[in-house]
K.L.:
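This structure is in structure tokens; I'll ask about it shortly.
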Amino acid sequence: IDFVRKIKNSDYRKRRLLEDLDYTIHQMYSIPGPVYDRVGGTTNVKPDRIIMLLDKKDRIERALKKIEEEKEIFNSFLSSLTEKQKEVFDWYFMQNEKVTRIAKYMGISFQSIEQYNLLILRKFEKILIKNVFKHMP
């Protein structure tokens with residue numbers, strides 16, 4: 001359920017990260033170049049600032065990559081579901097409907113919805129495990 005919530009908010013998170021990335025890159029390029037008082041003298045360059053911005057840029061890029069990987073996992077999960085499973089998944093996990101209302105709407109028993117939910121969760125676990133092992137060295 002947490003993963004589904006994360007995916008539901010991923011477009012918003014991605015948009016915010018892209019804005020942060022643009023602003024960070026703007027800050028990097030707006031740092032003034034070194035100004036020397038005399039040869040061998042001190043400069044006005046603050047290396048810590050550029051290092052902090054580079055680290056922030058790297059963190060944002062990793063977060064964007066993670067969002068894309070999560071969407072890929074979610075899409076492969078959705079493609080593994082049958083039409084009825086997708087319908088139950090949408091009602092139960094995406095729209096937070098109660099099992100009794102879903103059963104009434106679909107014209108099947110409460111127990112059938114519970115079985116669909118169990119099947120859906122098992123498929124999701126398989127997809128997650130498959131992707132965890134895919135990223136291991």
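All values reported here derive from a predicted model rather than from experimental measurement. All heavy atoms count here, side chains included; hydrogens, waters and symmetry mates do not.
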K.L.:
Walk me through it: do Ile102 and Tyr116 pass the test side chain to side chain contact (heavy atoms under 4.5 Å, CB included)?
P.N.:
CA-CA 11 Å; Ile102 299 169; Tyr116 275 119; over 6 Å; no

K.L.:
How far apart are the closest heavy atoms of Ser76 and Ser79, and which atoms are they?
P.N.:
O-OG, 2.8 Å

K.L.:
Can we say Glu70 and Arg13 salt-bridge, meaning some charged N sits less than 4.0 Å from an Asp/Glu carboxylate O?
P.N.:
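Salt bridge present between Glu70 and Arg13.
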
K.L.:
Quick check: is Met28 connected to Leu18 through a chain of hydrophobic side chains (ILVMFWY, heavy atoms under 4.5 Å apart)?
P.N.:
no

K.L.:
Between Asp58 and Leu54, is there a side-chain heavy-atom distance shorter than 4.5 Å?
P.N.:
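They are not in contact (no side-chain heavy atoms under 4.5 Å apart), so the answer is no.
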
K.L.:
Are Arg15 and Asp11 ion-paired here, with the side-chain N under 4.0 Å from a carboxylate O?
P.N.:
no

K.L.:
When the ring centroid of Phe124 is compared with that of Phe89, is the distance short of 6.0 Å?
P.N.:
no

K.L.:
Check the pair Tyr92 / Ile113 against side chain to side chain contact (heavy atoms under 4.5 Å, CB included), numbers first and verdict last.
P.N.:
CA-CA 9 Å; Tyr92 187 74; Ile113 299 296; 5.6 Å; no

K.L.:
If you compare all heavy atoms of Ile120 against all heavy atoms of Gln85, which two are closest, and at what distance to 0.1 Å?
P.N.:
CD1-O, 3.4 Å

K.L.:
Distance-only, no hydrogens or angles: does the Ser112 side chain make a donor-acceptor pair with backbone N or O of Ile108 under 3.5 Å?
P.N.:
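No, Ser112 side chain to Ile108 backbone: no donor-acceptor pair under 3.5 Å.
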
K.L.:
Donor-acceptor pair, distance only, cut-off 3.5 Å: does the side chain of Glu87 make one with the backbone of Lys84?
P.N.:
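No; zero donor-acceptor contacts below 3.5 Å.
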
K.L.:
Could you check whether any side-chain N or O of Asn75 sits under 3.5 Å from a backbone N or O of Lys71, counting only pairs where one atom can act as donor and the other as acceptor?
P.N.:
yes

K.L.:
Is the closest basic N to carboxylate O distance between Glu61 and Lys57 below 4.0 Å?
P.N.:
yes

K.L.:
Give the C-alpha distance, both sets of side-chain angles, the deciding distance and a yes or no for side chain to side chain contact (heavy atoms under 4.5 Å, CB included) between Tyr12 and Arg16.
P.N.:
CA-CA 6 Å; Tyr12 173 75; Arg16 289 292 312 253; 3.4 Å; yes

K.L.:
First locate atom CG of Leu21, then atom NE2 of His26, and finally report the distance between them rounded to the nearest 0.5 Å.
P.N.:
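Output value for this atom pair is 13.5 Å.
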
K.L.:
Following the transitive rule for hydrophobic clusters with a side-chain heavy-atom cut-off under 4.5 Å over Ile, Leu, Val, Met, Phe, Trp and Tyr, establish whether Leu119 and Ile129 coincide in one cluster.
P.N.:
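Each belongs to a different hydrophobic cluster.
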
K.L.:
After noting the C-alpha distance and the side-chain angles of Lys104 and Thr100, does the key distance pass the side chain to side chain contact (heavy atoms under 4.5 Å, CB included) rule?
P.N.:
CA-CA 6 Å; Lys104 186 177 180 181; Thr100 51; over 6 Å; no

K.L.:
Answer with yes or no whether the hydrophobic clustering places Ile73 together with Ile67; edges join I, L, V, M, F, W, Y residues whose side-chain heavy atoms lie under 4.5 Å apart.
P.N.:
no

K.L.:
Between Leu17 and Ile60, which heavy-atom pair has the shortest distance, and what is it?
P.N.:
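Scanning both residues completely, I find the closest heavy atoms to be O-CG2, 3.4 Å.
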
K.L.:
Tell me the closest heavy-atom pair linking Ile127 and Phe77, and the distance in Å.
P.N.:
CG1-CA, 4.0 Å

K.L.:
Kindly check if the number of other-residue, nucleotide or ligand heavy atoms within 6.0 Å of NZ (Lys14) is above 12?
P.N.:
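No - once you tally the heavy atoms of other residues, nucleotides and ligands closer than 6.0 Å, there are 12 at most.
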
K.L.:
Does Val88 belong to the same Ile/Leu/Val/Met/Phe/Trp/Tyr cluster as Phe110, with side-chain heavy atoms less than 4.5 Å apart forming each link?
P.N.:
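Yes: a chain of side-chain contacts under 4.5 Å links Val88 to Phe110.
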
K.L.:
Working to the nearest 0.5 Å, report the span between NZ of Lys86 and OG of Ser80.
P.N.:
8.5 Å

K.L.:
Among side-chain atoms of Gln27 and Lys56, is any donor-acceptor pair under 3.5 angstrom?
P.N.:
no

K.L.:
Any chain of hydrophobic side-chain contacts (each under 4.5 Å) joining Leu53 to Leu64?
P.N.:
no

